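Structure first, then comments.
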Amino acid sequence: MAISDEVRAKLNAAKAKGLAALAGKTPNATPAPGRPAAGKLSAAEMKAAMAKDKPKKVVDYTDDPEGAARAAEKARLDETGGGLSGVTKAWAEKFKAMNDTEFWLSITFPSAAVRDVFVARSGLEAALTESGHYNGHVWAESLNYDLEAVVPAKPRRLRVRKKATAAEMKSAFRYRAHPSALDSVEYTGDLEVDTASELAAIRDAFDVGLDPAWAAEHADILDSSHWVTVFFRDRDHKDKFVRLIDLADIGDKYLSGLLVSETLGIPLDPE
């Protein structure tokens with residue numbers, strides 16, 4: 001049987017009234033001035049509530065002398081930087097120090113000759129330190145950049161990945177992993193002897209570097225053993241140098257010396 005328009009209207013009104021009752025509101029209620037809706041706080045009221053100081057919970061230790069002693073000891077440790085909260089803060093600072101001390105850039109080159117040309121023509125020679133690495137602050141000064149100036153961060157440009165060429169696809173299919181340093185180990189079954197052999201093989205692999213045959217076919221310039229390291233006092237100065245030199249699109253840790261040279265306008269062709 002069809003429902004008349006009058007009955008349909010009454011059903012809808014009842015439905016609306018029931019939903020409003022569930023929501024704790026009265027239908028057609030007019031919100032108070034300054035309030036978005038009944039039962040909700042205005043922005044000003046929420047801000048005032050958040051700013052209001054909450055009373056600290058006070059625990060009565062009258063009948064619990066051991067609890068009082070623990071609370072007093074905790075308060076003392078918190079004040080002196082000890083206890084769980086102090087240890088947590090100390091570990092947080094240590095973790096930050098361990099992860100925030102890599103204030104350097106590694107610039108890699110295809111050969112030692114190309115690296116030496118870059119060092120000579122980029123002003124890096126003046127920044128060489130006794131450690132064999134280069135002081136980024138001295139290098140920035142030689143390039144007439146002020147690392148103390150305020151440098152706004154630039155949005156990174158969208159890098160559109162080009163479609164791989166046929167040669168690149170073939171190279172990807174031919175790729176093989178670098179030979180393992182442990183391939184040369186002859187195992188005897190004696191744990192002590194085999195462990196010493198593995199350590200010796202790993203040490204020799206570090207001394208030799210990349211396998212020449214593998215490097216000729218697969219190595220990227222960032223895999224090169226010909227590189228320079230430029231260090232800075234802190235992360236802010238390192239990041240500022242990257243923005244000043246406009247290297248953000250190349251990287252912020254490991255950089256291709258060819259791309260850095262191109263950005264700085266330094267020719268790498270030998271004279």
Side-chain angles (χ1 to χ4, degrees), residues 80-81 85-162 178 206-207 209-210 215 218-271:
T80 58
S85 61
V87 171
T88 302
K89 292 178 182 177
W91 271 106
E93 291 298 320
K94 183 181 290 187
F95 181 82
K96 181 180 178 182
M98 288 189 294
N99 288 272
D100 208 30
T101 54
E102 298 183 351
F103 315 133
W104 47 264
L105 301 172
S106 179
I107 307 176
T108 57
F109 301 88
S111 67
V114 174
R115 177 197 61 199
D116 294 343
V117 170
F118 176 85
V119 170
R121 295 178 181 175
S122 65
L124 261 181
E125 282 184 325
L128 182 64
T129 65
E130 294 181 357
S131 66
H133 303 308
Y134 297 86
N135 187 319
H137 300 266
V138 176
W139 188 28
E141 186 177 349
S142 71
L143 295 174
N144 296 318
Y145 289 111
D146 182 7
L147 292 186
E148 304 304 326
V150 177
V151 183
K154 296 181 180 179
R156 291 197 173 189
R157 294 187 290 269
L158 179 63
R159 307 180 76 179
V160 180
R161 182 175 177 82
K162 296 181 180 179
H178 188 277
F206 275 113
D207 292 338
L210 296 177
H218 302 295
D220 183 85
I221 189 171
L222 296 182
D223 297 318
S224 173
S225 57
H226 309 292
W227 46 268
V228 296
T229 299
V230 183
F231 62 87
F232 299 85
R233 282 197 295 270
D234 52 46
R235 186 174 297 278
D236 289 340
H237 284 95
K238 190 265 290 185
D239 291 344
K240 189 176 296 184
F241 180 84
V242 169
R243 296 198 300 271
L244 281 168
I245 309 299
D246 200 18
L247 301 177
D249 291 322
I250 300 175
D252 62 358
K253 181 62 65 176
Y254 301 98
L255 311 176
S256 163
L258 302 181
L259 294 179
V260 174
S261 301
E262 181 181 338
T263 301
L264 295 178
I266 300 172
L268 295 179
D269 298 330
E271 296 180 351

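Predicted model, so just to flag it, every value in this text is computed and none were measured. Hydrogens, waters and symmetry mates are skipped; everything else that's a heavy atom, side chains included, is used.
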### Task
Evaluate side chain to side chain contact (heavy atoms under 4.5 Å, CB included) for V230 paired with L124, printing each intermediate quantity in order.
CA-CA 9 Å; V230 183; L124 261 181; 4.2 Å; yes
### Query
F103 and R235: which non-hydrogen atoms are nearest, and at how many Å?
CD2-N, 3.2 Å
### Query
Nearest 0.5 Å, what's the OG1-CD1 distance between T263 and I250?
3.5 Å
### Task
May I ask you to test the R121-L268 pair for a side-chain heavy-atom distance under 4.5 Å?
no
### Query
Taking all non-hydrogen atoms of both residues, which atom of L244 and which atom of Y145 are closest, and how far apart?
O-CE2, 3.8 Å
### Query
Considering only heavy atoms from C-beta outward, does the side chain of F109 approach that of D116 to under 4.5 Å?
no
### Task
Please tell me if the side chains of L259 and D249 come closer than 4.5 Å, counting only heavy atoms from C-beta onward.
no
### Task
Return yes if some donor-acceptor pair links the side-chain N/O of T108 with the main-chain N/O of H226 below 3.5 Å, else return no.
no
### Query
CH2/W139 to CG/L147 distance, rounded to the nearest 0.5 angstrom?
11.0 Å
### Query
Aromatic rings F232 and F241: how do their planes relate, parallel, tilted or perpendicular, breaks at 30° and 60°?
tilted
### Query
For the residue pair I107 and G257, what are the closest heavy atoms and their distance?
CG2-CA, 3.4 Å
### Message
Keeping H137 on the side-chain end and R233 on the backbone end, is there a donor-acceptor pair under 3.5 Å?
### Response
yes
### Task
Can you see which heavy atom on S122 is nearest to which on L143, and at what distance?
O-CD2, 3.5 Å
### Query
Can you find a pair of side-chain heavy atoms, one from F231 and one from N135, that are under 4.5 Å apart?
yes
### Query
Hey, is the main chain of P110 close enough, under 3.5 Å, to the side chain of S224 for a donor-acceptor pair?
no
### Query
Is the backbone of D252 close enough, under 3.5 Å, to the side chain of K238 for a donor and an acceptor to pair up by distance?
yes
### Summary
Shortest non-hydrogen pair, H237 vs D234, comes out as ND1-OD1, 2.7 Å
